[in-house]
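The structure appears right after this line, and notes come after that.
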Amino acid sequence: MPALVDLPALLAEAEAALRAADSQQELIEVRARFLGKKGSLSGVLRGMAALPPAERAALGAQANQIKARIEAISDARKAELGEAAAAETL
């Protein structure tokens with residue numbers, strides 16, 4: 001089943017949701033939706049055991065790249081929100 005998941009579309013959805021987050025709490029919720037224990041990407045990684053080794057390796061590499069990209073976008077957005085909050089207090 002995980003082979004049917006469109007990982008680039010998952011990344012695009014995550015990126016849009018992360019960039020649209022207007023608060024730290026919303027950012028945490030979006031991140032959990034994709035990377036959390038029951039998140040979309042975590043489900044893909046759990047389902048990889050059913051794949052043949054060659055497919056598992058390719059899907060795993062792609063999933064890890066997407067996970068790293070989602071984390072990077074999340075970290076950048078967190079910094080932006082922190083700067084915005086700091087500017088509001090001045």
Side-chain angles (χ1 to χ4, degrees):
M1 295 202 220
L4 301 177
V5 174
D6 185 0
L7 289 176
L10 182 75
L11 174 60
E13 181 184 348
E15 185 171 359
L18 288 166
R19 294 196 191 285
D22 291 330
S23 68
Q24 294 283 350
Q25 182 60 37
E26 191 176 344
L27 186 64
I28 290 168
E29 291 168 6
V30 170
R31 186 178 165 112
R33 184 171 43 159
F34 292 97
L35 300 179
K37 194 173 186 180
K38 295 181 181 181
S40 303
L41 190 59
S42 297
V44 171
L45 294 173
R46 274 191 306 276
M48 284 182 7
L51 295 175
E55 287 182 40
R56 192 178 324 147
L59 184 64
Q62 186 180 16
N64 285 334
Q65 289 175 342
I66 288 175
K67 180 180 179 184
R69 181 74 180 131
I70 290 171
E71 289 172 342
I73 294 166
S74 175
D75 291 344
R77 184 65 180 143
K78 183 177 181 180
E80 289 171 7
L81 290 171
E83 290 171 9
E88 286 179 11
T89 60
L90 294 177

Run the side chain to side chain contact (heavy atoms under 4.5 Å, CB included) test against [X] and tell me which residues pass, sequence neighbours left out.
X     : value
Pro8  : Asp6, Gln62
Ser23 : Gln25, Glu26
Leu11 : Ile66, Arg69, Ile70

*Applying side chain to side chain donor-acceptor pair (under 3.5 Å), name anything that partners Glu13, two or more places apart in sequence or on another chain.*
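With neighbours one apart ignored, the set is empty.
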
*Of all residues at least two apart in sequence or in a different chain, which pass the side chain to side chain donor-acceptor pair (under 3.5 Å) check with Arg19?*
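Per chain and number, Arg19 pairs via side chain to side chain donor-acceptor pair (under 3.5 Å) with Glu15.
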
Ignoring hydrogens and angles, write down the donor-acceptor pairs under 3.5 Å from the side chains of residues 72-80, residues two or more places apart or on other chains.
{"unit_1": "Ser74", "atom_1": "OG", "unit_2": "Arg31", "atom_2": "NH1", "d": "3.2"}
{"unit_1": "Arg77", "atom_1": "NE", "unit_2": "Ala21", "atom_2": "O", "d": "3.1"}
{"unit_1": "Arg77", "atom_1": "NH1", "unit_2": "Glu80", "atom_2": "OE1", "d": "2.9"}
{"unit_1": "Arg77", "atom_1": "NH2", "unit_2": "Ala21", "atom_2": "O", "d": "2.6"}

Hey, can you pull the donor-acceptor pairs under 3.5 Å for the side chains in residues 32-43, sequence neighbours left out?
{"unit_1": "Ser42", "atom_1": "OG", "unit_2": "Leu35", "atom_2": "O", "d": "3.3"}
{"unit_1": "Ser42", "atom_1": "OG", "unit_2": "Gly36", "atom_2": "O", "d": "2.6"}

